Asks: 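Next up is a structure, given as structure tokens.
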2 protein chains.
Amino acid sequence: MILKSQVEWALHCCAILAGLPEGRYLSTKALAELHGLPKEYLSKALQSLSQASLVNTTLGPSGGYRLARASSEINFLDIVEAVEGSARSFTCTNIRENNPCRAEGYCDSKPCAVARIMWEADEAWRNTLRRVRLSDLVSILSEEVPAELWQSTFAWVLKRAG
Amino acid sequence: MILKSQVEWALHCCAILAGLPEGRYLSTKALAELHGLPKEYLSKALQSLSQASLVNTTLGPSGGYRLARASSEINFLDIVEAVEGSARSFTCTNIRENNPCRAEGYCDSKPCAVARIMWEADEAWRNTLRRVRLSDLVSILSEEVPAELWQSTFAWVLKRAG
DNA sequence: GGTTTTCGGATATGATATATCCTTAATTCC
DNA sequence: GGAATTAAGGATATATCATATCCGAAAACC
């Protein structure tokens with residue numbers, strides 16, 4: 001049960017987008033080169049963010065991506081689900097129905113107990129991600145990343161935004 | 001990010017094993033027929049449980065599987081990790097290292113902030129599963145499943161255990 | 001008009017989940 | 001002792017999905 005690598009990419013890209021000056025866009029090319037990622041494939045992750053309305057896009061030179069709303073209004077779950085989908089990690093195939101001792105037409109009133117417990121764990125995972133805002137990540141990064149590196153990174157990336 | 005179907009199978013099988021009389025074994029064949037599962041493939045899941053020391057096995061007729069310890073001493077995470085493995089769902093490839101602005105030989109003191117948050121969610125998932133004991137599942141099932149079905153199921157399964 | 005960009009479709013490839021088969025060794029029953 | 005039954009594990013086949021690349025269309029900028 002492994003998340004797509006695009007989840008990692010999307011999170012890092014959003015962290016960068018969150019630090020951009022108002023109204024500026026960043027291209028796939030710039031984000032790919034900054035992170036050392038395959039441009040064409042990263043593009044798919046960014047498209048997922050776009051479809052989820054987490055980012056806005058514009059075409060042409062100086063085009064690219066920017067956050068669709070404030071980084072305090074975007075949480076980790078938004079981003080993770082945008083690329084990973086929102087399906088639960090546990091799928092119940094209702095194998096209890098195959099029990100040969102079940103009477104004909106017997107109907108379970110509740111979803112399977114096993115599934116309920118597994119889904120509860122899933123909810124705990126989602127709740128944790130929901131509680132972390134993108135702005136929280138930005139705060140942590142700006143504390144931990146040396147100011148010089150932080151600034152030169154944005155200078156580097158903005159130069160590529162034209 | 002989907003769990004293997006074997007996780008579901010293993011959990012249901014453990015629930016049955018937990019209800020067995022002391023010392024009785026249940027074969028792959030019986031468990032497969034009860035749940036309507038492919039015997040050969042279910043066997044792999046049971047082997048995983050065996051390797052994790054969650055069940056004991058014995059050979060020959062009337063052989064099969066039984067729990068290695070009390071159902072109150074086995075939790076959901078034990079079972080899930082036995083078949084799914086214990087790797088975290090998020091793997092950090094440290095793409096921040098590809099930042100072209102990083103100074104030569106620069107070394108991050110902490111693991112990536114993104115990874116730490118994702119791992120925290122992972123822990124929340126694991127903790128939820130850790131808190132649920134197999135005996136809890138048995139309690140729920142014996143409440144929800146009609147007593148008649150519950151009894152006939154064990155009668156059915158024990159007949160096949162020889 | 002030429003360049004740059006996002007977007008979506010098509011396609012290729014690699015890894016992994018699913019599933020089956022077969023052999024070996026241990027155990028039980030006759 | 002011999003036949004039947006069982007778990008264990010290796011080998012293999014298939015299907016699904018993640019990864020990755022390429023291309024054409026439409027839009028924006030110069």
Side-chain angles (χ1 to χ4, degrees), chain A residues 1-10 13 17 23-33 35-66 68 82-85 87 89-91 93 95 159-162, chain B residues 1-10 13 17 23-33 35-66 68 82-85 87 89-91 93 95 159-162:
Chain A
M1 190 190 56
I2 304 285
L3 290 166
K4 303 180 191 175
S5 55
Q6 289 192 351
V7 170
E8 180 186 14
W9 303 354
C13 286
L17 293 181
R24 293 295 289 271
Y25 291 87
L26 221 52
S27 70
T28 307
K29 188 158 175 279
L31 288 166
E33 289 177 357
H35 294 117
L37 301 174
K39 173 174 164 297
E40 304 284 352
Y41 194 32
L42 172 63
S43 167
K44 302 296 184 185
L46 297 173
Q47 283 175 39
S48 298
L49 296 178
S50 175
Q51 282 166 1
S53 299
L54 297 179
V55 297
N56 290 329
T57 70
T58 188
L59 298 178
S62 83
Y65 299 87
R66 72 176 179 200
V83 338
E84 188 67 35
S89 67
F90 180 88
T91 54
T93 61
I95 62 177
K159 205 169 77 182
R160 263 142 232 266
Chain B
M1 191 189 55
I2 305 285
L3 289 166
K4 302 180 192 176
S5 55
Q6 290 193 350
V7 170
E8 181 185 14
W9 304 355
C13 286
L17 293 180
R24 295 293 291 271
Y25 292 87
L26 220 51
S27 70
T28 306
K29 189 159 174 280
L31 288 167
E33 289 176 359
H35 293 117
L37 302 174
K39 174 175 165 293
E40 306 283 351
Y41 194 32
L42 172 62
S43 167
K44 302 296 184 186
L46 298 172
Q47 284 175 41
S48 297
L49 296 178
S50 175
Q51 284 168 359
S53 298
L54 297 179
V55 297
N56 291 329
T57 71
T58 187
L59 296 179
S62 83
Y65 298 87
R66 70 176 181 201
V83 337
E84 188 68 34
S89 66
F90 181 88
T91 55
T93 61
I95 62 178
K159 205 171 77 179
R160 270 148 225 261

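From a predicted model like this one, the values you see are computed outputs, not experimental measurements.
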Asks: For A:K44, is there any backbone N or O sitting under 3.5 Å from a side-chain donor or acceptor partner on A:Q6?
Replies: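 The answer is no, because no donor-acceptor pair under 3.5 Å joins these two groups.
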Asks: Specify the separation, in whole Å, of atom NZ of B:K44 and atom C1' of C:dT18.
Replies: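 About 12 Å, once rounded to whole Å.
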Asks: Give the rounded distance in Å between these two atoms: CD of B:E8 and C1' of C:dA17.
Replies: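 Taking atom C1' of C:dA17 as the reference, CD of B:E8 is at 15 Å.
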Asks: Give the rounded distance in Å between these two atoms: CG of A:L46 and P of D:dT19.
Replies: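 After rounding, the gap between these two atoms is 15 Å.
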Asks: Under 4.0 Å from OP1 or OP2 of D:dA7: is there any side-chain N or O of B:T28 that close?
Replies: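 B:T28 to D:dA7 OP1/OP2: side-chain N or O found under 4.0 Å.
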Asks: Which heavy atom of A:A52 sits nearest to which heavy atom of A:A82, and what is that distance?
Replies: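 In terms of heavy atoms, the two residues are closest at CB-CB, 3.7 Å.
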Asks: With heavy atoms under 4.0 Å as the rule, sort B:S43 into base, sugar-phosphate or nothing.
Replies: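 Since no nucleic acid heavy atom lies under 4.0 Å of B:S43, the category is nothing.
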Asks: Can you find a side chain N or O atom of B:Q51 that sits less than 4.0 Å from OP1 or OP2 on D:dA8?
Replies: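 Negative; the distance criterion is not met.
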Asks: Judged by each residue's nearest nucleotide on DNA chain C, which is more toward the 5′ side, A:G63 or A:Q47?
Replies: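 That would be A:G63.
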Asks: Out of the candidates B:Q47, B:K39, B:E40, only one should pair with B:S43 under the side-chain hydrogen bond (donor to acceptor under 3.5 Å, both in side chains) rule; please name it.
Replies: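 Among the candidates, only B:Q47 passes.
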Asks: Would you mind telling me which of B:T58, B:V55, B:N56 makes a side chain to side chain contact (heavy atoms under 4.5 Å, CB included) with B:R66?
Replies: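 So the option named by the test is B:N56.
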Asks: Rounding to a whole Å, what distance do you find between B:L17:CG and D:dA7:P?
Replies: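 The distance from CG of B:L17 to P of D:dA7 comes to 11 Å, rounded to the nearest Å.
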Asks: Just how far, in rounded Å, is P of D:dA18 from CD1 of B:I2?
Replies: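 One finds 9 Å between P of D:dA18 and CD1 of B:I2, rounded.
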Asks: When the distance from CG of B:L59 to P of D:dA8 is rounded to whole Å, what number comes out?
Replies: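 Atom CG in B:L59 sits about 7 Å away from atom P in D:dA8.
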Asks: Could you tell me whether the phosphate oxygens of C:dT18, OP1 or OP2, come under 4.0 Å of any side-chain nitrogen or oxygen in B:S5?
Replies: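 The answer is yes; a side-chain N or O of B:S5 sits under 4.0 Å from OP1 or OP2.
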Asks: For A:E84, which contact category applies under a 4.0 Å heavy-atom criterion: base, sugar-phosphate, or nothing?
Replies: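 Touches nothing.
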Asks: Ignoring backbone atoms, establish whether A:T58 has a side-chain N or O less than 4.0 Å from OP1 or OP2 of D:dA27.
Replies: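 No.
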Asks: D:dT21 phosphate, OP1 or OP2: any side-chain N/O from A:Y41 under 4.0 angstrom?
Replies: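 A:Y41 to D:dT21 OP1/OP2: no side-chain N or O under 4.0 Å.
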Asks: For D:dA8 and B:T57 - does any side-chain N or O of the residue sit under 4.0 Å from the phosphate oxygens OP1/OP2?
Replies: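 Yes, because at least one side-chain N or O of B:T57 sits under 4.0 Å from OP1 or OP2 of D:dA8.
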Asks: With a 3.5 Å distance limit and no angle check, can you tell me whether A:E84 reaches the backbone of A:K4 through a side-chain donor-acceptor pair?
Replies: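 A pair under 3.5 Å: yes.
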Asks: May I have the distance from B:E40 (atom CD) to D:dT12 (atom C1'), rounded to whole angstrom?
Replies: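 In whole Å, D:dT12 C1' lies 13 Å from B:E40 CD.
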Asks: At under 4.0 Å between heavy atoms, what does A:Y65 touch on the DNA or RNA strands: base, sugar-phosphate, or nothing?
Replies: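 Sugar-phosphate contact only.
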Asks: From C-beta outward on A:P38, which listed nucleotide comes closest to its side chain: C:dA19, D:dA20, C:dT5?
Replies: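 Ranking C:dA19, D:dA20, C:dT5 by closest atom to the A:P38 side chain puts D:dA20 first.
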Asks: Grab the NZ-C1' distance between A:K4 and D:dA20 for me, whole Å please.
Replies: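 In whole Å, D:dA20 C1' lies 14 Å from A:K4 NZ.
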Asks: If you check every side-chain atom of B:P61, which of C:dA17, C:dA26, C:dT28 has the closest atom?
Replies: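 Side chain of B:P61 sits closest to C:dT28.
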